[in-house]
Participant: 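Could you have a look at this structure, given as structure tokens, before my questions?
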Amino acid sequence: MSEPARRSAIQSDELVPKPGGIAARALAARAAPYLAGLNPEQQEAVEATEGPLLVLAGAGTGKTRVLTTRIAHILASGRAYPSQILAVTFTNKAAREMKERIARLIGEGMAEGMPWLGTFHAIGVRILRRHAELVDLRSDFTILDTDDQIRLLKQIIQAANIDEKRWPARQLAAAIDGWKNRGLAPDKVPDGEAYAAANGKGRELYAEYQARLKTLNAADFGDLLTECLRLFRERPDVLAEYQKRFRYMLVDEYQDTNVAQYLWLRLLAQGKESRNICCVGDDDQSIYGWRGAEVDNILRFERDFPGAKVIRLERNYRSTGHILAAASGLIAHNEGRLGKTLFTETAELGEKVAVNSAWDSSEEARAIGDDIERLQRQGHALNDMAILVRASFQMREFEDRFVTLGLNYRVIGGPRFFERLEIRDALAYLRATVNPADDLAFERIVNTPKRGLGPATLQLLHGHARRRNMPLMAAAAELVGTEELKPKLRQALSALLRSFERWSALIPHTPHTDLAEMVLEESGYTEMWQLDRSAEAPGRLENLKELVNTMGEYESLPGFLEHVSLVMDSEGGEASDAVSIMTLHSAKGLEFDTVYLPGWEEGLFPHQRALDENGRAGLEEERRLAYVGLTRARRRAAIWFVSNRRVHGLWQSTVPSRFLDDLPEADVEISEPASYGGYGTAMPYGMSRFDTMAPFGSTYATPGWQRAQANRDTADPRKRTGRQALTIEGELVAKSVIGGEARFAAGERVFHQKFGPGTVAAVDGNKLTVDFDKAGRKRVVDSFVEAA
DNA sequence: GTAGATTAGATTTTT
DNA sequence: TCTAATCTAC
């Protein structure tokens, strides 16, 4: 087929070869190399290119492989040009990985360009820039991040004369985000919700915010999707263009889509006969409900796309038998699943999932650290081990311990590069240089470094800008020509404006990295940190250098800024061998030989707040999180829980997580409590086998414990109040905390409910070493003892 | 306009 | 207990 003929064949939608025909067989042969090594289900998922398809891919079943091979297959079999394929992911990382894998699969076949492959947001931007004027923006619109968003909302709240204390900007920002996640324009927000925000003015302020965004020629993250939706709805001709263009659509992590994304996909997929949409997901790994993800989207796929094919990938290539069985047993306790049963082909059962307990979090860290060193001595790489925590505050304990041990670790997730103060300041300078109308950027740096242009001056600028309906910088330019400002301020401001003019003029003629250095240098920003004597200053200067280096990899300044606003991450080349520490959320999609899962205690995991705020659904999401954690492990998984954990500075007695009881007995190895400190040995009390591992059997009799125990099995977790599961006797806690000083001194006589009378031998914060008359020397928390 | 004091709040996080 | 953000006094 000549090139033009082929192209027109594609456009006339007649490209699909007759099944079983010569062309089809020839094409299959061409595609064959990619199919090699796929199991039958995977192969089916790759080859079922026509019509809607839902791939339910359990953990470790080769989901990414299916997606990439499918794209390669569509391309290699000539079903579509790259530009006719749309592949969406949630993270930049996933998009990058997919790009690399596709390139590897078909290499030279990419001559015709890449598919539309990226995050929902990146693709949204791409579409919006093309049709910006249709949604009241210019094609060079700025993308606001959360920080800008909040500052803008703060201004709006103030302008509306609403008490900022009672109605914080971040709360309104969260509400607006939530609405946008659900694809709701201001007039579509339910009355109740609109009324509940911003002192009854939720709707008005949301509308005002959207109006301000247009004036600023800006869009926030949510807009990248909702404005696309608006565009598609208001302009059927534009929608039709994309429906026609995207002959094949692929969606990764479908269980994480929110309503807006779902509507976006549905609009695009509804084009005529070409409903070639393939969604890959795992309902059991939906852990972003709190961020607006709707598991329902995956659960109702078949209803939305009648005749949809569903393929299950259940053959797990990652974990050994016990780990897989433990994870499956756990997740089976959730209702409302689509149901999958993972299995392995290797008969290897491997090690059982270890369940361990420790006295408190520092011992937990110590024991895990020791275990890591043990494995390391056996020749295991630190890179193959990870500690997955529920909440980031748990990380510190491990970091502290590993620093002491000299154990190499890296924290994944933490504060991100582009969110750091100095980087954001530097970017604000660059943004204002590129776009003098970027008020938020200008505002951010107008007095950084200090130029004497404080809130009062800014207020003046704002007033003038609003009256004249112009950007801040333009307003400033007018003001410096008047007597409105004191000479000193006038001078400072006009110097700054002149600098920006000069830098802007240089954009076309100067390499952008040079320009960036110049801006940072001449603005005095670098100098500001050089003069700063604080401990962070050198690191910040280092980051600024790093920023300029990173810029070098991009074509132009605007190109770089666009990248930054969409990809808030910077890739740090981590070559060295180190244990990874991260939250369970950021572990999704990763795998390690050995996984440590600390903090399996009621209140922390499942997290009390998830239970309080979302009841049963919250509990199930927590359980999925536990499932995600377990399924990260290839060969070894070790769960830990402690008896005492400090929460907001208070020592709390904790109850083992209910998830422990969800694990099948046969796949779990319960270790005797570690001998650290020599207490916490098995207690003959308790109702579940794990309770026996909690120390202080007699405390079981306390009302607090009974409440916690009763609550453990309460069908409706919303009935639980506050932090019941965590707190021990309120008065005791209060006593030990009031005054903030130790309640006991060495030599003092004390009484312990379980161990009886004894003499305090040593005091370490609120931990006591007590020589009990009968029980011998024990370490206890002071809240458990009373003065005798 | 800045340093020191005070106070609230403290899951998970991408884009 | 710790942090960050805001308030208060200079």
Side-chain angles (χ1 to χ4, degrees), chain A residues 88-95 118-125 143-150 154 164-166 168-171 174 177 180-181 219-226 253 256-258 260-261 286-293 361 388-397 412-416 418-419 421 447-458 489 562-569 582-589 599 603-614 618 621-622 624-626 628-629 645-652 723 737 740 765-766:
Chain A
V88 271
T89 62
F90 273 83
T91 63
N92 290 295
K93 201 173 139 207
T119 61
F120 277 100
H121 299 265
I123 288 169
V125 175
I143 301 164
L144 299 191
D145 60 29
T146 327
D147 202 75
D148 296 324
Q149 202 183 341
I150 287 172
K154 206 173 258 178
E164 242 190 292
K165 295 277 156 47
R166 289 193 47 206
R170 34 181 65 259
Q171 211 172 295
D177 273 346
K180 288 187 176 175
N181 279 339
D220 66 16
F221 281 121
D223 284 344
L224 301 182
L225 289 164
T226 50
E253 306 280 16
D256 288 338
T257 46
N258 60 34
Q261 289 158 338
S286 158
I287 54 175
Y288 285 107
W290 52 274
R291 212 167 66 188
S361 48
L388 310 183
V389 298
R390 173 64 243 264
S392 43
F393 75 84
Q394 291 173 264
M395 293 179 177
R396 229 191 87 176
E397 204 102 42
I412 298 185
R416 279 165 308 161
F418 290 116
E419 279 174 2
L421 176 91
N447 202 29
T448 315
K450 301 275 179 285
R451 298 188 177 92
L453 305 167
T457 316
L458 204 56
L489 294 180
E562 167 104 356
H563 169 83
V564 167
S565 50
L566 288 173
V567 185
M568 292 296 282
D569 231 331
M582 67 186 99
T583 62
L584 286 159
H585 283 92
S586 39
K588 193 166 77 163
L604 175 59
F605 193 35
H607 201 280
Q608 191 60 49
R609 224 160 125 173
L611 264 32
D612 289 344
E613 286 170 13
N614 290 305
E621 182 154 316
E622 294 285 297
R624 290 194 289 270
L625 202 46
V628 166
R645 191 174 289 279
R646 203 162 44 174
V647 180
H648 307 328
L650 297 183
W651 279 98
Q652 315 265 206
R723 296 185 178 272
V737 168
N766 41 14

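Protein chains get the first letters and strands the later ones, always in sequence-line order, with residue 1 at the start of each. Side chains included, hydrogens not; waters and symmetry mates left out as well; all remaining heavy atoms used.
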Participant: Taking all non-hydrogen atoms of both residues into account, name the closest pair between A:Asp220 and A:Gln149 and its distance.
Facilitator: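 Minimum heavy-atom separation between A:Asp220 and A:Gln149: OD2-NE2, 3.6 Å.
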Participant: Does A:Lys93 make a side-chain N or O approach to OP1 or OP2 of B:dT13 shorter than 4.0 Å?
Facilitator: no
Participant: Quick one: sort the A:Phe418 and A:His563 rings into parallel, tilted or perpendicular, breaks at 30° and 60°.
Facilitator: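 Perpendicular: the ring planes of A:Phe418 and A:His563 meet at over 60°.
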Participant: Quick one: is A:Asn92 getting a side-chain N or O under 4.0 Å of the B:dT15 phosphate, OP1 or OP2?
Facilitator: yes
Participant: Looking only at side-chain atoms of A:Ala610, point me to the closest of B:dT14, B:dT11, C:dC2.
Facilitator: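 Nearest listed nucleotide: B:dT11.
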Participant: I need the CG-P distance between A:Leu388 and B:dT13, as an integer number of Å.
Facilitator: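 Distance, rounded to whole Å: 12 Å.
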Participant: Counting the atoms with a prime plus P, OP1 and OP2 as sugar-phosphate, which does A:Gly124 contact under 4.0 Å by heavy atoms, base, sugar-phosphate, or nothing?
Facilitator: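 The residue A:Gly124 makes no contact with any strand.
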Participant: Between A:Arg624 (CZ) and B:dT12 (P), how many Å, whole number?
Facilitator: 18 Å
Participant: Please state how far atom NE2 in A:His648 lies from atom C1' in C:dT1, giving the value in whole angstrom units.
Facilitator: 10 Å
Participant: So, A:Trp290 versus A:His585, ring centres under 6.0 angstrom or not?
Facilitator: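 Yes, the ring centres sit under 6.0 Å apart.
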Participant: At 4.0 Å (heavy atoms only), tell me whether A:Ser392 reaches a base, stays on the sugar-phosphate, or touches nothing.
Facilitator: sugar-phosphate
Participant: B:dT13 and C:dC2: how far apart are their P atoms, nearest whole angstrom?
Facilitator: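 Pairwise P distance, B:dT13 against C:dC2, rounds to 22 Å.
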Participant: Measure CD/A:Gln149 against C1'/B:dT15 and give the value in whole Å, please.
Facilitator: 11 Å
Participant: Think A:Lys165 has a side-chain N or O under 4.0 angstrom from the OP1 or OP2 of C:dC7?
Facilitator: yes
Participant: Judged by each residue's nearest nucleotide on DNA chain B, which is more toward the 5′ side, A:Glu622 or A:Gly452?
Facilitator: A:Gly452
Participant: Nearest heavy atom decides the nucleotide; on that basis, is A:Thr457 or A:His121 closer to the 5' end of DNA chain B?
Facilitator: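 So the residue in question is A:Thr457.
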Participant: What heavy-atom pair brings A:Ile412 and A:Met395 nearest, and what distance separates the two atoms?
Facilitator: O-CE, 4.3 Å
Participant: Tell me: NZ of A:Lys450 to C1' of B:dA3, nearest whole Å?
Facilitator: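 Answer to the nearest Å: 12 Å.
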Participant: Any idea which of B:dT14, C:dC2, B:dG1 is nearest the A:Thr91 side chain?
Facilitator: B:dT14
Participant: Using a 4.0 Å heavy-atom cut-off across all strands, classify A:Glu253 as base, sugar-phosphate, or nothing.
Facilitator: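 No contact.
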Participant: Would you say A:Thr583 places a side-chain N or O within less than 4.0 Å of OP1 or OP2 belonging to B:dT11?
Facilitator: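 For B:dT11, OP1/OP2 do not have a side-chain N/O of A:Thr583 under 4.0 Å.
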Participant: Measure CG/A:Leu421 against C1'/C:dA5 and give the value in whole Å, please.
Facilitator: 14 Å
Participant: So among A:Leu144, A:Asp145, A:Ile150, which one has a side-chain contact (heavy atoms from CB on, under 4.5 Å) with A:Asp147?
Facilitator: A:Asp145
Participant: Taking atom types as they are modelled, is there a donor-acceptor pair under 3.5 Å from the base of C:dT1 to the side chain of A:Arg646?
Facilitator: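 Counting by modelled atom types and ignoring angles, no donor-acceptor contact under 3.5 Å is found here.
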Participant: Should B:dT12 form a Watson-Crick or G-U wobble pair with both distances under 3.5 Å, which nucleotide is its partner?
Facilitator: none
Participant: Whole angstrom is fine here: how far is it from CG in A:Leu144 over to C1' in B:dT14?
Facilitator: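 Going from A:Leu144 (CG) to B:dT14 (C1'), I get 16 Å.
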Participant: State the CD-CZ distance between A:Gln171 and A:Arg166, to the nearest 0.5 angstrom.
Facilitator: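 Between atom CD of A:Gln171 and atom CZ of A:Arg166 there are 10.5 Å.
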Participant: I'd like to check, for A:Trp290, whether its ring lies over the base of B:dT12 with centroids under 5.5 Å apart and a plane angle smaller than 30°.
Facilitator: yes
Participant: Taking only the side-chain heavy atoms of A:Thr119 (C-beta and beyond), determine which of B:dT12, B:dT15, B:dT13 contains the nearest atom.
Facilitator: B:dT15
Participant: May I have the distance from A:Glu164 (atom CD) to B:dA8 (atom P), rounded to whole angstrom?
Facilitator: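 For the pair A:Glu164 CD and B:dA8 P, the rounded distance is 16 Å.
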Participant: Could you give the distance separating C:dT6 and B:dT11 at their C1' atoms, to the nearest angstrom?
Facilitator: 24 Å
